[in-house]
Amino acid sequence: MTVKKRVSDLTSLERFNMYYKEQEPSLPTNERVRRFIWNPKTKEFCGRTGSSWSKIALFYFIFYAALAILVAICMWTFLQLLDPRQPMWQLDKSIIGTNPGLGFRPLPPEVMSSVIWYKGNDPGSHQFWVKELSKFLKAYKRDDKKAGAGQNIHNCDFQHPPPAGKVCDVDISTWGPCVEGNHFAYHKSTPCVFLKLNKIFAWKPHFYNSSDTLPTAMPEDLKNHIRNLTAHDKNYLNMVWVSCEGENPADRENIGPIQYLPNRGFPGYYFPYTNQEGYLSPLVAVHLQRPKTGMLINIECRAWAHNIMYDRHEGMGTVHIEIMIE
């Protein structure tokens, strides 16, 4: 507890300071601001002397330098544990999982939409879809495969899988009406839609290895196709099969016949995907040969393999497409 001194107890110097010390006059606001920025009497800048500023600057320099070194050490350690060619967590251990999604091209401009709509007799209307497909298929054109990663591409079939260090070619130049030179048949109101399986590192499909044990939910026309094809060549059992059909009875009436190019599925020699140089995802071109015009047609395409789970509501193993041709 501080005891206040009586005047009689003060020293001579304290009495002098008490009665004769010159009081600092009150300054206007702008002068106080200028004094705060630079005080010529105390040699202070923004309330600190040069010595004080140098000390605090040295402190923060050392602090942030130490922090940067710590982050660099953590990043270096983290990068040493990663393989640039393959993910650390794969298949069941990864967030992606083991069920590849089925996608389609061309994609509508609206992110959440699945409607391919155009006027069949209007070139400007279907030109957007042709350009989108051309852009998507650019990597598959043979002219773009000559340099760089194209040297790694090999022509495969069931008897000749890719050699070590090679990947299989996807030759889109012979897919009948579904080629760029034919505008992918959009100008004829018989559009082509391209299907692809999303890539999952190291995923291998479990094929239906017998045409006698096909799932009951598989469409009958696909079952017949598999039986007829595999009766002559059992190698075709190594396929991830694809089926497309109208979702509702009205859609199935309006969709018309469908042609699949080059096969009705994805051949097994394209799998697994292991981030190979120049790898091209296999494609299936779905050609709607006589869809009914003036009607919105809901189409469900599905991939078939033992380890491709199907759920229409969750979009697992399937893709929803809507086509409207006026």
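Keep in mind that what you see is a predicted model, and the values were worked out from it rather than measured. Index from 1, following the sequence.
By the criterion of side-chain heavy atoms lying less than 4.5 angstrom apart, applied directly or through intervening Ile, Leu, Val, Met, Phe, Trp or Tyr residues, F61 is not grouped with I69; the two fall into different hydrophobic clusters. Cluster annotation: F78 is connected to L81 through the hydrophobic network of ILVMFWY side chains, with a link wherever side-chain heavy atoms come within less than 4.5 Å.
Under the rule for a salt bridge (charged side-chain N to carboxylate O under 4.0 Å, His left out), K204 has no partner lying at least two apart in sequence or in another chain. With sequence neighbours excluded, no residue forms a ring-ring contact (aromatic ring centres under 6.0 Å, His included) with H287. With sequence neighbours left out, Y310 forms a ring-ring contact (aromatic ring centres under 6.0 Å, His included) with no residue at all.
Between L280 and Y270, the shortest heavy-atom distance links the atoms O-CD2, 4.2 Å.
Summarising the hydrophobic clusters (Ile, Leu, Val, Met, Phe, Trp, Tyr; side-chain heavy atoms under 4.5 Å, direct or chained), the residues clustered with M309 are M316. When hydrophobic residues (I, L, V, M, F, W, Y) are linked wherever their side-chain heavy atoms come within less than 4.5 Å, the members clustered with L296 are V115, W117, M324.
Applying the side-chain hydrogen bond (donor to acceptor under 3.5 Å, both in side chains) definition to pairs two or more places apart or across chains, those involving residues 103-114 are S114-E322.
In this structure, the side chain of S243 does not engage the main chain of P219 through any donor-acceptor pair within 3.5 Å. Between the R302 side chain and the T318 main chain, no donor and acceptor come within less than 3.5 Å of each other.
Side-chain contact between I172 and V179 is absent, with no heavy-atom pair separated by less than 4.5 Å.
Checking D251 against N248 by side-chain atom types alone, a donor-acceptor pair falls below 3.5 Å. No side-chain donor from either of T98 and W203 sits under 3.5 Å from a side-chain acceptor of the other. Judged purely by distance below 3.5 Å, without hydrogens or angles, the side chains of H320 and E247 pair a donor atom with an acceptor atom.
Between Y273 and Y279, the ring-plane angle classifies as tilted under the 30° and 60° cut-offs. Using cut-offs of 30° and 60° on the angle between ring planes, the pair Y64 and Y60 is parallel. Note on ring orientation: taking the six-membered ring where Trp is involved, the planes of H183 and H126 are tilted (angle from 30° to 60°). Using cut-offs of 30° and 60° for the angle between ring planes, the Y186 and Y118 rings count as tilted.
Distance check: M295 CE to I325 CD1 gives 12.5 Å after rounding to the nearest 0.5 Å. Atom OG1 of T230 and atom OH of Y208 lie 14.5 Å apart (nearest 0.5 Å).
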Test Q289 against T190 for side chain to side chain donor-acceptor pair (under 3.5 Å), laying out the working first. CA-CA 5 Å; Q289 295 180 306; T190 60; over 6 Å; no
Using the rule given for salt bridge (charged side-chain N to carboxylate O under 4.0 Å, His left out), can you reason through R312 versus E300, listing the C-alpha separation, both sets of side-chain angles and the distance that settles it, and then say yes or no? CA-CA 9 Å; R312 174 183 290 185; E300 181 185 62; 2.9 Å; yes
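Counting heavy-atom neighbours within 6.0 Å of L91 CG, excluding the residue itself, gives a total above 12. In this structure, K223 places its NZ atom where more than 12 heavy-atom neighbours from other residues, nucleotides or ligands lie under 6.0 Å away. Around the CZ atom of R227, the shell of radius 6.0 Å holds more than 12 heavy atoms that belong to other residues, nucleotides or ligands.
Annotation: H306 is not in aromatic contact with F207 [ring centroid separation under 6.0 Å not met].
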